[in-house]
Number of protein chains: 2
Amino acid sequence: MSDQATATTTAAQHGECPANTPHGEAWGSLSRTHAAVSQRLQEALAQGDFPPLPWYEVLAAVAEAPEQRMRMGDLAEALVITRGGLTKLVDRLVKAGLLERTFNETDRRVSYATLLPAGIHLLTEMRPVIVGELEVAFSANLSVIQANELRATLDGIRADACSGVV
Amino acid sequence: MSDQATATTTAAQHGECPANTPHGEAWGSLSRTHAAVSQRLQEALAQGDFPPLPWYEVLAAVAEAPEQRMRMGDLAEALVITRGGLTKLVDRLVKAGLLERTFNETDRRVSYATLLPAGIHLLTEMRPVIVGELEVAFSANLSVIQANELRATLDGIRADACSGVV
DNA sequence: GGACAATAGTTGAACTAACAATCATTTCTG
DNA sequence: CAGAAATGATTGTTAGTTCAACTATTGTCC
């Protein structure tokens, strides 16, 4: 145990620790950048007395859907959170009068999260805050072309991460 | 401000919602990709009866630091989590025998999270799982050169997001 | 048509993380 | 040198998330 520890210690001290694969480094940057930007957005929202970031994500996702409504399962998948978590998140937005639950007559298992006028209104107030912060964080580093390239790269990675069980 | 809301409401109803700026889209991809890859890593770790992803991140960060130890504040900043959260996270790793707390004689405010042999050993077991999953997710989409470009891009964004208060 | 599996969503318990307040130590300043 | 400000870390509280179990509805296959 001690000799093994000594050996690894030496390796790390020499900087030849095998963690630093290019993809590992890229993942580290991705993870930390997500946390940093997310933190910045949360701060900006809190400063304006707005609800937390997940509320915005729900509203934005539903607003883009046809008829301003989405099935719970689809919404959970779009936000990459669990269905149980989404149920309670939507509960809070419903309680705040931003969403309502509507139902499907032909398949009574499914329920929709449907945008209410108050939700649309709040979304229009939150959006400039989000967009403004993102411009600050992204504009200095990314042209429009580069932003689209970045998006395409990340979407490709996500596709592999999801269907990657194969 | 109400006319502004009305105008935007109409826009949303017509599906020409202005949220889709290039930077906004890039952020959406970044956020969802982070969640998807993170989820995949968590699943792989759970499947091998390994501790959750944050434990790996702590161990990996400390392992790369000189003398396999880091000040709590620096570690929190590196992982982009709060100091309070880190205190309790390190508590769990200490309780598991992976880290120990050590102290600085010259400044007795600071404490270090110091890697123990068991932590080094666990790290060497977890690393191939993480690296393997990342290879699957990234290799199909990214050459080594592209991975480094992605890393540089993301690091630039993070720098702006952190120092961006200006 | 009726049992069985599959799908959609919700609920309760355990865990995790963030926020604010606090303690201890050090540094600055008059 | 004493007191105030700043720094480093921890603690209690609160809120949010996940996981597993559960209900309800629909589809499938003898």
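Letters A, B, ... are given to chains in the order of the sequence lines, protein chains preceding strands, and every chain is numbered from 1. Worth knowing before you read on, the calculation uses all heavy atoms, side chains too, and leaves out hydrogens, waters and symmetry mates.
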Peer 1: Take the protein atom CG of B:L53 and the nucleotide atom C1' of C:dA17, then report the distance between them rounded to whole Å.
Peer 2: 15 Å
Peer 1: Counting only N and O atoms by type, is there a donor-acceptor contact under 3.5 Å from the side chain of B:H23 to the main-chain atoms of A:A137?
Peer 2: no
Peer 1: Can you measure A:I81 atom CD1 to C:dT10 atom C1' for me and round it to whole angstrom units?
Peer 2: 14 Å
Peer 1: Starting from the first five and the last five pairs of the helix from C:dG1-D:dC30 to C:dG30-D:dC1, work out the angle between the resulting helix axes, to 10 degrees.
Peer 2: 20°
Peer 1: What verdict does the side-chain contact (heavy atoms from CB on, under 4.5 Å) test give for B:I157 and B:L30, after you've listed the backbone C-alpha separation in whole Å, the side-chain angles of each residue and the deciding distance to 0.1 Å?
Peer 2: CA-CA 11 Å; B:I157 293 169; B:L30 172 55; 5.6 Å; no
Peer 1: Got a sec, which residues hit ring pair (Phe, Tyr, Trp, His ring centres under 6.0 Å) with B:H34, two or more places apart in sequence or on another chain?
Peer 2: A:W27, A:H34
Peer 1: Between A:T33 (side chain only) and B:L154 (backbone N and O only), is there a donor and an acceptor less than 3.5 Å apart?
Peer 2: yes
Peer 1: In chain order, what residues pass the side chain to side chain contact (heavy atoms under 4.5 Å, CB included) check against A:E67, with sequence neighbours excluded?
Peer 2: A:R69
Peer 1: Does atom CD of B:Q47 have more than 12 heavy-atom neighbours from other groups under 6.0 Å away?
Peer 2: no
Peer 1: Rounded to the nearest 0.5 Å, what's the gap from CG on A:D74 to CZ on A:R83? Could you check?
Peer 2: 10.5 Å
Peer 1: Run through the side-chain heavy atoms of Ile, Leu, Val, Met, Phe, Trp and Tyr, join any pair under 4.5 Å, and report what else lands in B:V144's cluster.
Peer 2: none
Peer 1: Below 4.0 angstrom, which residues in residues 69-77 of chain B have at least one non-hydrogen atom near DNA chain D?
Peer 2: B:R71, B:M72, B:G73
Peer 1: Main chain of B:H121, side chain of B:T124: is a donor-acceptor contact present, judged purely on distance under 3.5 Å?
Peer 2: yes
Peer 1: Can you list everything that forms a salt bridge (Lys or Arg N to Asp or Glu O under 4.0 Å) with A:E57? Sequence neighbours excluded, please.
Peer 2: none
Peer 1: Which Ile, Leu, Val, Met, Phe, Trp or Tyr residues join A:Y112 in one cluster when any pair of side-chain heavy atoms under 4.5 Å counts as a link?
Peer 2: A:V110
Peer 1: Check whether any side-chain heavy atom of B:R158 sits under 4.5 Å from a side-chain heavy atom of B:D155, and report yes or no.
Peer 2: yes
Peer 1: Just the rounded figure in Å: distance from P of D:dT10 to CG of B:L93.
Peer 2: 13 Å
Peer 1: Applying side chain to side chain contact (heavy atoms under 4.5 Å, CB included), name anything that partners B:E77, two or more places apart in sequence or on another chain.
Peer 2: none
Peer 1: In this structure, how many angstroms lie between the C1' atom of C:dA17 and the CD atom of B:Q42, rounded?
Peer 2: 14 Å
Peer 1: How many angstroms lie between atom CZ of A:R151 and atom CZ of B:R32, to the nearest 0.5 angstrom?
Peer 2: 9.5 Å
Peer 1: Please list, pair by pair, any protein nitrogen or oxygen found under 3.5 Å from a nitrogen or oxygen in nucleotides 23-26 of chain C.
Peer 2:
residue, atom, partner, partner atom, Å
C:dT26, OP1, B:R108, N, 3.1

Peer 1: Could you list all N or O pairs between the protein and nucleotides 14-16 of chain D that sit under 3.5 Å apart?
Peer 2:
none

Peer 1: Separation of A:R101 atom CZ from C:dA8 atom C1', in whole Å?
Peer 2: 12 Å
Peer 1: In residues 83-91 of chain A, what residues come within less than 4.0 Å of DNA chain C, judged by heavy atoms?
Peer 2: A:R83, A:G84, A:T87, A:K88
Peer 1: Excluding sequence neighbours, so at least two apart, what forms salt bridge (Lys or Arg N to Asp or Glu O under 4.0 Å) with B:R101?
Peer 2: B:D91
